[in-house]
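Since we're looking at a predicted model, the values are computed, not measured. Below, read A as the first sequence line, B as the second, and so on, with proteins coming before strands; counting in each chain starts at 1.
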Number of protein chains: 2
Amino acid sequence: MSEIQSLARGLKILDLLGEAEDGVGITELAEKMGIDKGSASRLIATLANYGYAEKDPNSRRYRLGPMVVSLSRIVLQRTPLRETAKPYLRQLMEQTGECSHLAVASQGKVLYIDQVESPATLRVNAQVGKIAPMHCTALGKAMMAFADYPIVEPLEVFTARTITEPGMLKAHLEQTRRQGYAVDDEEYDYGVRCIAVPVFDFRDKVVGSIGVSGPAARMTLERLPEIARTVMTVGEALSARMRFLR
Amino acid sequence: MSEIQSLARGLKILDLLGEAEDGVGITELAEKMGIDKGSASRLIATLANYGYAEKDPNSRRYRLGPMVVSLSRIVLQRTPLRETAKPYLRQLMEQTGECSHLAVASQGKVLYIDQVESPATLRVNAQVGKIAPMHCTALGKAMMAFADYPIVEPLEVFTARTITEPGMLKAHLEQTRRQGYAVDDEEYDYGVRCIAVPVFDFRDKVVGSIGVSGPAARMTLERLPEIARTVMTVGEALSARMRFLR
DNA sequence: AACATGGTTGTTTATATCACAACAATTAAC
DNA sequence: GTTAATTGTTGTGATATAAACAACCATGTT
């Protein structure tokens with residue numbers, strides 16, 4: 001499998017621009033990439049020409065350009081899952097009182113592609129476009145349990161409850177499959193619990209997952225099974241709806 | 001000014017992937033780009049490796065990947081204008097009853113970066129990420145009138161009222177500057193009128209524009225001055241607020 | 001004002017990428 | 001079911017390209 005080096009470098013720069021909070025300078029960028037300043041300068045100039053990068057006029061540092069926003073809209077609009085799931089997301093939020101989220105798998109990670117916010121003052125919301133690991137989120141584990149995404153080590157630690165042993169995770173996913181829903185019990189963020197189920201298409205292939213997130217104070221361990229039932233019911237309705245597409 | 005060819009080609013492919021409604025095949029892509037099939041194949045493979053493109057498993061055609069959504073979120077989150085403008089957008093919608101929009105200039109076009117929807121059944125809304133021309137939108141003309149964006153010919157026609165003569169546009173912008181607000185009187189979409197004003201930063205530099213869009217039936221020519229006053233008032237408040245940043 | 005830091009632009013050379021073509025993989029046709 | 005046709009992937013030399021190095025600017029700093 002052959003790659004185009006300069007394109008790969010350009011895309012890598014986009015990643016770095018995304019990570020850098022307040023933009024990056026050419027020299028800094030060249031160091032991080034392990035390439036020459038001149039090369040970095042020309043690569044960035046090309047990215048800027050196409051609107052993928054831009055230089056902050058006063059700090060003179062580069063950051064991500066507006067072009068990605070435009071492309072993002074196109075991607076989201078063309079995702080049939082998103083369109084179909086919207087009413088189910090609303091229903092989920094109304095029935096549980098918590099923020100509901102829709103996600104797909106992307107590059108071995110969880111990508112949030114839609115959400116409905118709860119009106120509660122204390123709520124746990126994730127923005128569209130957010131990326132999270134699969135092994136410690138309900139949305140991610142729901143997909144892992146019902147489709148064979150590889151477990152990629154190391155399993156990064158976020159809280160004391162994060163599952164870091166591949167064997168443990170495997171057993172956990174087995175249980176998830178049996179009970180039909182995935183739980184994140186403060187494994188990613190302290191004080192946050194989530195429940196999610198996979199979404200299937202007309203071929204019974206996992207295309208994403210849907211679930212709710214809330215503060216542990218409200219989503220107590222006693223209430224979890226009840227909430228899980230709601231999520232499973234809505235999830236099954238969504239999957240049933242998805243079978244009519246295509 | 002030198003460009004990196006293969007990176008430029010890769011970014012061009014992203015554009016084409018964005019334009020293609022139902023994905024695009026390698027051969028088709030190579031033809032549109034005027035390059036070899038093999039080159040296109042390798043370029044796309046690289047884009048796919050980084051999540052910027054993906055191939056639809058059943059149609060086997062390539063489309064934009066999820067990575068752009070992730071980057072988009074980062075861009076939007078880091079735009080201070082967006083954060084600051086949100087309450088003003090809401091105010092604008094409430095006071096006019098029409099959808100309000102926030103935009104910036106990008107690559108000589110108008111890029112919508114936020115919006116507040118009106119509850120009205122008949123409303124004129126634009127999604128975040130949408131791109132429109134500058135010369136026939138209120139948001140675009142507001143920026144052109146108060147900063148020197150070049151008039152790039154040809155001025156594309158959208159309706160019978162679209163201004164296509166550079167001289168006419170110049171005069172129109174002059175008037176816009178005098179009256180302090182920009183009007184789009186069915187110049188982009190039939191039956192749609194918009195009013196917008198520029199947003200200035202602490203240096204009195206134009207950083208974007210804010211305005212409302214509504215159906216011509218409601219936004220009658222008689223009501224326009226009144227609506228314009230509202231937009232100008234809110235816009236000035238926003239610009240005043242922006243002066244405190246940085 | 002001299003210095004230091006960071007960014008851009010020439011120039012040479014190695015090499016990555018291009019085009020061409022052959023091959024593989026699907027799909028379509030018969 | 002076999003052939004044909006269309007499309008995508010993979011070698012391979014030739015060449016243009018992009019890498020590195022260095023010199024040169026531009027800004028801001030001491």
For this session: Let me know the distance between CG of A:Leu29 and C1' of C:dT8, rounded to the nearest Å.
Result: 15 Å
For this session: For A:Ser72, enumerate each residue passing the side-chain hydrogen bond (donor to acceptor under 3.5 Å, both in side chains) test, keeping only those at least two apart in sequence or located in another chain.
Result: B:Ser72
Exercise. Can you list the residues that meet the ring-ring contact (aromatic ring centres under 6.0 Å, His included) rule with A:Tyr112, with sequence neighbours excluded?
Worked result: A:His101
Exercise. Looking only at side-chain N and O atoms, does A:Ser41 come under 4.0 Å of OP1 or OP2 in C:dT8?
Worked result: yes
For this session: Classify the ring geometry between A:Phe200 and A:Phe146 as parallel (under 30°), tilted (30 to 60°) or perpendicular (over 60°).
Result: perpendicular
Problem set entry | side-chain hydrogen bond (donor to acceptor under 3.5 Å, both in side chains): pairs with one or both residues in residues 73-87 of chain B, sequence neighbours excluded | A:Gln127-B:Gln77, B:Lys86-B:Asp114
Problem set entry | A:Glu28 CD to C:dG6 C1', straight-line distance once rounded to whole Å | 11 Å
For this session: Determine which pairs satisfy salt bridge (Lys or Arg N to Asp or Glu O under 4.0 Å) with at least one residue from residues 125-143 of chain B, sequence neighbours left out, and list them in order.
Result: B:Lys141-B:Glu187
Every protein N/O within reach of nucleotides 24-28 of chain C N/O, cut-off under 3.5 Å:
{"residue": "C:dT26", "atom": "O3'", "partner": "B:Arg60", "partner atom": "NH2", "Å": "3.1"}
{"residue": "C:dT27", "atom": "OP1", "partner": "B:Arg60", "partner atom": "NH1", "Å": "3.2"}
{"residue": "C:dT27", "atom": "OP1", "partner": "B:Arg60", "partner atom": "NH2", "Å": "3.2"}

For this session: Not counting sequence neighbours, list each pair that qualifies as a salt bridge (Lys or Arg N to Asp or Glu O under 4.0 Å) and has a residue in residues 196-206 of chain B.
Result: B:Asp204-B:Arg243
Exercise. For A:Asp148, which residues count as a salt bridge (Lys or Arg N to Asp or Glu O under 4.0 Å) partner, sequence neighbours excluded?
Worked result: none
Problem set entry | Contact under 4.0 Å: A:Tyr62 side-chain N or O vs C:dT8 OP1/OP2 | yes
For this session: Return no unless some side-chain N or O of A:Thr27 is found under 4.0 Å from OP1 or OP2 of C:dG7.
Result: yes
Exercise. A:Arg61: what forms a salt bridge (Lys or Arg N to Asp or Glu O under 4.0 Å) with it, not counting sequence neighbours?
Worked result: A:Glu28
Problem set entry | Nearest-angstrom distance from the residue atom CD1 of B:Ile44 to C1' of D:dT7 | 14 Å
Exercise. Which letter, B, S or -, goes with each nucleotide of nucleotides 11-26 of chain D from 5' to 3', with contact meaning a protein heavy atom under 4.0 Å?
Worked result: B-----SSSBB-----
Exercise. Mind checking whether A:His135 and A:Phe158 have parallel, tilted or perpendicular rings, split at 30° and 60°?
Worked result: tilted
For this session: Mind checking side-chain hydrogen bond (donor to acceptor under 3.5 Å, both in side chains) for A:Gln107 and listing every partner two or more places apart, or none if nothing turns up?
Result: none
For this session: Identify, with sequence neighbours excluded, every residue that meets salt bridge (Lys or Arg N to Asp or Glu O under 4.0 Å) alongside B:Glu174.
Result: B:Arg177, B:Arg178
For this session: Enter the inter-axis angle for the ends of the helix from C:dA1-D:dT30 to C:dC30-D:dG1 (five pairs per end, rounded to 10°).
Result: 40°
